[in-house]
There are 2 protein chains.
Amino acid sequence: MTPRRRRGEELVSAIHKAVLAEVAEHGYAGTTYDGVAARAGTSKPVLYRRWPTKAAMVLDASLEASPGLTLPPDTGSLSGDLKAFLRTAQSMMERAGRQTLLSLLAELDRSAGESLRDLLFARGADIIEPLLDRARARGELGDSPLPPRVITLALNLVRHEVVIVGALTEETLDIIVDEIAVPLLTSRSLRGTPGSA
Amino acid sequence: MTPRRRRGEELVSAIHKAVLAEVAEHGYAGTTYDGVAARAGTSKPVLYRRWPTKAAMVLDASLEASPGLTLPPDTGSLSGDLKAFLRTAQSMMERAGRQTLLSLLAELDRSAGESLRDLLFARGADIIEPLLDRARARGELGDSPLPPRVITLALNLVRHEVVIVGALTEETLDIIVDEIAVPLLTSRSLRGTPGSA
DNA sequence: CCTCTAGGGAACGTTTCGTATCTTGCCTGG
DNA sequence: CCAGGCAAGATACGAAACGTTCCCTAGAGG
């Protein structure tokens, strides 16, 4: 037998793979340091040297596996663009797993939670902005600046449905876009953005 | 010494109280059957006879302690009414605790989760509807029926902020109401509810 | 070739879990 | 009022996971 001994990058990557496999097989709650160590062919001290908690370990593994959000191709309409984008956001969250996301949110403190924000929020506004620019170029939107919360509205609703409610059908996504997000974005720019005062 | 032995209602109530105290003191993750049994002056078998999991036990205790949502007094405007209502919803969720809510969402299966919906969703639409009726009576809204998702929009956003983001300032709540919910509710009724087609 | 770092094995005490067993207070029916 | 039974509460248990310690050694670098 050849007792090969992995190091650094190679080792970490193998551990991440083992973590994701354990989570997929036993769920987040059923994932243990012992189980990961066994599957990865390593030992607990190796894991504890790198991650102080299970949450941190699973988070790192999930982050590595996450494809990240990208700007979808132009579909010809704001509605279509938003739906395409939101679908990638949805699949990203569902890939990580609802139970896992909820557990990470519950267990990670504010400091470690910063990285989790990358997975869950992933600079969503930075992707939606270009979609709105496209829409403006088409004449779907006015030029008045939109409040940040209005921009991220649709993504926040998708996150709410996927993470808290636990389900997001195609139909619901259509409603979020066509009955809520798009009407608000366009009506705001057609009328004078009255504000609260 | 008088080894009084409590039964039924009285016992359950004492246990619930102990559960909430344990959660308040050690957090949801730090709450254990042993700890609850010790604090309640009972024993683990008594707990296991009633609740199969910690999540079910904490849920029951939280439900008993939750005041439930109520119709706020008329503030004279839809914006004011909505804010008053959403503040009670917020305080209800914050009373239960973010970590606790997230953990319960993560651990409860669909069947047991039904009760949790009472705590988190609590027939929100049933309370918002009367607020909208008031607004119609004032002439703030048209008569066209509003889609369900538009009605619960503000509550969903509040839930998202409190549970997922972990913070909801007065300022953010104002924005949700005045820049998102109210504009959408009113613009919808002023224009012909165009829909997606 | 030597050294030093870090991987990996093994075992430890502790905590919590979930259950089984037993005694006994207390409610109920006769 | 007494006899039965039901459930409270105490105790103890094995299993599992935790988090840590000790030690040995593969393998990278000088």
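Every heavy atom of this structure was used, including side-chain atoms; hydrogens, water molecules and symmetry mates were not. Bear in mind the structure is a predicted one, so any value in this text is a computation, not a measurement. Letters A, B, ... are given to chains in the order of the sequence lines, protein chains preceding strands, and every chain is numbered from 1.
Distance CD (B/Glu10) to P (C/dC26): 11 Å, rounded to an integer number of Å. B/Glu9 places its CD atom 17 Å from the C1' atom of C/dC27, with the value rounded to the nearest Å. Atom NE2 of A/His26 is separated from atom P of D/dA16 by 13 Å (rounded to the nearest Å). Taking atom CZ of A/Arg50 as the reference point, atom P of C/dA6 lies 9 Å away to the nearest angstrom. Atom CG of A/Asp34 and atom P of D/dA15 are 16 Å apart (whole Å). For B/Glu22 and C/dT16, the CD to P distance is 10 Å, given to the nearest whole Å. Atoms CG (A/Leu11) and P (D/dG27) sit 13 Å apart, rounded to a whole Å. Atom CG in A/Leu47 sits about 11 Å away from atom C1' in C/dG8, given to the nearest Å.
Formation of a donor-acceptor pair under 3.5 Å by the B/Gln90 side chain with backbone atoms of B/Leu168 is found in this model. Here the side chain of A/Arg138 pairs a donor or acceptor atom with the backbone of A/Gly76 at under 3.5 angstrom.
Between B/Gly8 and A/Thr53, the one whose closest nucleotide on DNA chain D sits nearer the 5' end is B/Gly8.
Considering only side-chain atoms of A/Lys44, the nucleotide from C/dG18, C/dA20, D/dG19 that sits closest is D/dG19. Side-chain proximity of B/Arg49 to the nucleotides D/dC18, D/dG9, D/dT21 is greatest for D/dG9. The side chain of B/Pro45 has D/dA10 as its nearest neighbour among D/dA8, D/dA10, C/dG8. In this structure, the nucleotide among C/dT16, C/dG8, D/dG19 sitting nearest to the side chain of A/Thr42 is C/dG8. The side chain of B/Arg5 lies closest to C/dT24, out of D/dT25, C/dT24, C/dT19.
Taking the charged nitrogens against the carboxylate oxygens, B/Arg134 and B/Glu129 have no contact shorter than 4.0 Å, which rules out a salt bridge.
Within the 4.0 angstrom heavy-atom criterion, only backbone atoms of the sugar-phosphate kind lie near A/Arg6; the bases stay farther away.
The aromatic rings of A/Tyr48 and A/Tyr33 sit parallel, their planes meeting at an angle under 30°, below the 60° perpendicular limit.
Judged by distance alone, the side chains of B/Thr172 and B/Thr169 do bring a donor and an acceptor atom under 3.5 Å apart.
The side chain of A/Tyr33 contributes no N or O atom lying less than 4.0 Å from OP1 or OP2 of D/dA17.
On a pure distance criterion of 3.5 Å, no polar donor-acceptor pair joins the side chain of A/Arg7 and the base of D/dA28.
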